[in-house]
Protein chains: 2
Amino acid sequence: MAVTIRDVAKAAGVSASTVSRAFSNSELVDPRTRELVLRAAEQLGYLPNRAARGLITGRTGNLGLIVPDLANPFFPEVVKGIQARAREADYSVFLSDTDEDPSAELGLVKALAKQVDGIILCSPRMSADDMREAADCSTLVVVNRRGSNIPAITIDNVDGMRQAVAHLAALGHRRIGYVAGPRSSWSNRERQRGVRTAVAAEDAELVEIGNVPPQFEGGVAAADLVIAADVTAVIAYNDLIALGLLTRLAARGVDVPGELSVVGIDDIPMSAMFSPALTTVSIPKAQCGRAAVELLLQQLATPGVRASSRREVPAQLLVRDTTAVALPTGRGAH
Amino acid sequence: MAVTIRDVAKAAGVSASTVSRAFSNSELVDPRTRELVLRAAEQLGYLPNRAARGLITGRTGNLGLIVPDLANPFFPEVVKGIQARAREADYSVFLSDTDEDPSAELGLVKALAKQVDGIILCSPRMSADDMREAADCSTLVVVNRRGSNIPAITIDNVDGMRQAVAHLAALGHRRIGYVAGPRSSWSNRERQRGVRTAVAAEDAELVEIGNVPPQFEGGVAAADLVIAADVTAVIAYNDLIALGLLTRLAARGVDVPGELSVVGIDDIPMSAMFSPALTTVSIPKAQCGRAAVELLLQQLATPGVRASSRREVPAQLLVRDTTAVALPTGRGAH
DNA sequence: CTGAAAGCGCTAACAG
DNA sequence: CTGTTAGCGCTTTCAG
């Protein structure tokens, strides 16, 4: 069997409690004894058993993470951020992928609750009621959604949209399209709101298109609608949709950005590799992840939702190749 | 505090052990008593504490997963497969991302070992010595690497390369390039070996280019070498490299597939979205993940490495738009 | 500063 | 079939 605290105690010639103290309340033990213990532990290759510790302290040193779909290129970056920050704080992370099934989320929270100190919910799709129930099971932090009085990390979508629209307006676009994502998505509602405000502020015209699924295919499907909408620029709910748009637009012979400017949101790696490279509103994904862990840690230390339990990270427009000056004469025939 | 086995016992009017049995050795308890217990548990919202159970059984019901880089689009799919299969078997999974740091791998294995029943190592970059040491810490299954006598899931790279080369040869290509990935990568060595064999079998000529990092940028960098190599077709170590190749080739004015055919390996989602869509050797990524869990479960049940502890999954050529008949006259000037 | 004792939530003999 | 007893590895009073 593995080497236990008792083996170390024996080897160091002290009691088990001393070994325990040497590993946690380092101040309560004589530095020389401590050194002795640590050396013995090292020698025997002792590593504390977290499960046993958790049993008594009530803290597991684990943290749960639930994402809708790891295959969506947005999430891996967030997960990496969470991972990295969690490791720094000496936490391990349990990962669960719901495969975009909102009804699986609550069950996973409940299953995880016993094994973790807190759970990070990424872009949860569950109902507000389920959210509340989930919050009763464990300490929660939610990313990319707000409501139910749960500590949250969100993106400043409104400002992101403002930047995108200002950019397009500065290029002379007066009639702008927005391809909407899923109706149930909190982010989509925020982005839609942001676009409306920004377009109004620029005194331009907005054409709303969609909703479409937040996938490449959604963009492909929306492209013909965009062409028919007779706009000179279009903002898509996310990069995947924008890329689908670009692909279908090329097939239809529409020149981007010559005839039509396209802006995405997210800045997934693929966007930079595409040609033309996609102009997009970049989201600091890893930073969202780190911030989520930060919030969770803080929540664990001093529970209670307060102003500081919400954190909004900025979005940043990245101008690449799919946006250009609007043709004064409008687009040609296709 | 949470509801314990004792609370349930009291509520059901039985002893703690009976509750315990009702939840595990369901056959050793009277069906009626069992029903009683389960109902009481349900009522109180009881969920067994896995940590406590693990303490005594020695089995945690957890499994560790270490990947080099979740942002590499190859891994999320594998992770999803692992996740899905693990959940079916009622296992939770600890995820760790090493950020491509080989020296972090062994440490993570050791840290994880105490909390899990077994660990899946995805494409580990560590040395063979470290592998052996890791194997002493925990039950291991490795994906995408072979050696050190550890149960492994691998891809039939050699046959994949055979398919790719046969396809190109059938199209009339006689001089084929291979852009090599990292020298330290087991997969790269396998693929290289496969290409050599296949090209020889087709009586064609092979030009080896690289090694380059397995990233988009690696492909961008390799493109000029490929042009200079004067081949009519090129196979890249992975899709990311192939995509970088495509991008730089377009910038250099080389028509794909008109002047040069390109084949990737992996079939990452991006490959299908690119234009032209990339011909690639597809790897059943989720299936690799599932198979890895399968192997681990089997290993946990009956330890010992034997013939059945290795499983090789097939690769499958996907012909898309980047491969075409070689011009009989060779390529034009660039 | 250190040891002895009790117990976290659960399971595994061992008797009934 | 079921209850009692003894711990799993660790932390934490409580006395020294």
Side-chain angles (χ1 to χ4, degrees), chain A residues 1-38 40-41 44-62 90 92 110-117, chain B residues 1-38 40-41 44-62 90 92 110-117 137-138:
Chain A
M1 218 32 204
V3 30
T4 113
I5 204 174
R6 228 112 49 189
D7 301 323
V8 178
K10 199 161 299 176
V14 297
S15 77
S17 356
T18 303
V19 177
S20 169
R21 279 188 280 257
F23 274 89
S24 25
N25 301 315
S26 44
E27 307 316 317
L28 270 57
V29 68
D30 188 298
R32 300 211 321 264
T33 318
R34 186 176 134 79
E35 195 53 39
L36 208 70
V37 170
L38 260 31
L44 302 181
Y46 167 77
L47 277 172
N49 180 327
R50 289 174 145 216
R53 173 181 296 181
L55 205 51
I56 180 152
T57 60
R59 307 186 68 257
T60 60
N62 297 149
D90 211 37
S92 300
K110 285 184 173 163
L112 237 41
K114 280 282 161 79
Q115 322 185 49
V116 302
D117 297 336
Chain B
M1 217 34 201
V3 33
T4 114
I5 204 173
R6 228 112 48 189
D7 301 323
V8 178
K10 199 162 300 175
V14 298
S15 77
S17 0
T18 302
V19 177
S20 170
R21 279 188 282 255
F23 273 88
S24 25
N25 302 315
S26 44
E27 308 315 317
L28 270 60
V29 65
D30 188 298
R32 299 209 323 261
T33 318
R34 186 176 135 77
E35 195 53 38
L36 209 70
V37 170
L38 260 32
L44 301 180
Y46 167 78
L47 277 172
N49 180 327
R50 287 174 147 216
R53 174 183 294 180
L55 205 51
I56 179 151
T57 59
R59 308 185 69 255
T60 61
N62 297 149
D90 211 37
S92 300
K110 285 183 173 165
L112 237 40
K114 280 281 162 79
Q115 323 184 51
V116 301
D117 297 335
C137 299
S138 183

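So that the names make sense, note that chain A is the first sequence line, chain B the second, and so on, each numbered from 1.
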Quote, to the nearest angstrom, the C1' distance that separates C:dA6 from D:dT5. 16 Å
Protein-proximity profile, nucleotides 11-16 of chain C, B/S/- by nucleotide at the 4.0 Å heavy-atom cutoff, equals BBB---
Once you round it to whole Å, what is the distance between [atom2] of [N] and [atom1] of [X]?
X     : N      : atom1 : atom2 : result
A:L28 : D:dT11 : CG    : P     : 13 Å
A:L55 : C:dG9  : CG    : P     : 7 Å
A:K10 : C:dA4  : NZ    : P     : 12 Å
A:D30 : C:dG3  : CG    : C1'   : 15 Å
A:D7  : D:dC8  : CG    : P     : 11 Å
A:N49 : D:dC10 : CG    : P     : 6 Å

Scanning both residues in full, the closest heavy-atom pair of A:T60 with A:K114 reads CG2-O, 4.3 Å
>> Run the salt bridge (charged side-chain N to carboxylate O under 4.0 Å, His left out) test against A:R53 and tell me which residues pass, sequence neighbours left out.
In response: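 Counting only residues at least two positions away or on another chain, A:R53 forms no salt bridge (charged side-chain N to carboxylate O under 4.0 Å, His left out).
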Please identify each residue that fulfils salt bridge (charged side-chain N to carboxylate O under 4.0 Å, His left out) with B:K10, with sequence neighbours left out.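 By the salt bridge (charged side-chain N to carboxylate O under 4.0 Å, His left out) rule, B:K10 matches no residue at all.
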Evaluate side-chain contact (heavy atoms from CB on, under 4.5 Å) for B:N62 paired with B:R50, printing each intermediate quantity in order.
CA-CA 9 Å; B:N62 297 149; B:R50 287 174 147 216; 3.7 Å; yes
I'd like to check the side chain to side chain contact (heavy atoms under 4.5 Å, CB included) partners of A:A111; sequence neighbours left out, ordered by chain and number.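 Side chain to side chain contact (heavy atoms under 4.5 Å, CB included) check on A:A111 returns nothing, list empty.
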Exercise for review: Report the residues that fulfil side chain to side chain contact (heavy atoms under 4.5 Å, CB included) with A:L55, sequence neighbours left out, ordered by chain and then residue number.
Suggested key: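 If we apply the side chain to side chain contact (heavy atoms under 4.5 Å, CB included) test to A:L55, skipping adjacent residues, the hits are B:N49, B:A52, B:L55.
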Checklist line | Distance below 4.0 Å between B:T18 side-chain N/O and D:dG3 OP1 or OP2 | finding: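 Answer yes for this pair, as a side-chain N or O of B:T18 is under 4.0 Å from OP1 or OP2.
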For a quick test of reading the model: is some side-chain N or O of B:T33 closer than 4.0 Å to OP1 or OP2 of D:dT2?
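Yes.
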In this structure, OG1 of A:T33 is separated from CG of A:L28 (nearest 0.5 Å) by 12.0 Å
Distance (rounded to the nearest 0.5 Å) between A:D30 CG and A:E35 CD: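 Output value for this atom pair is 11.0 Å.
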- Query: Between A:S17 and A:S20, is any side-chain donor less than 3.5 angstrom from a side-chain acceptor?
  - Reply: no
**Message:** So that I can compare with my own list, what are the stems of DNA chain D, taken as at least three consecutive Watson-Crick or G-U pairs with distances under 3.5 Å?
**Reply:**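 Stems (3+ consecutive pairs) listed as C:1-11 with D:6-16, C:13-16 with D:1-4.
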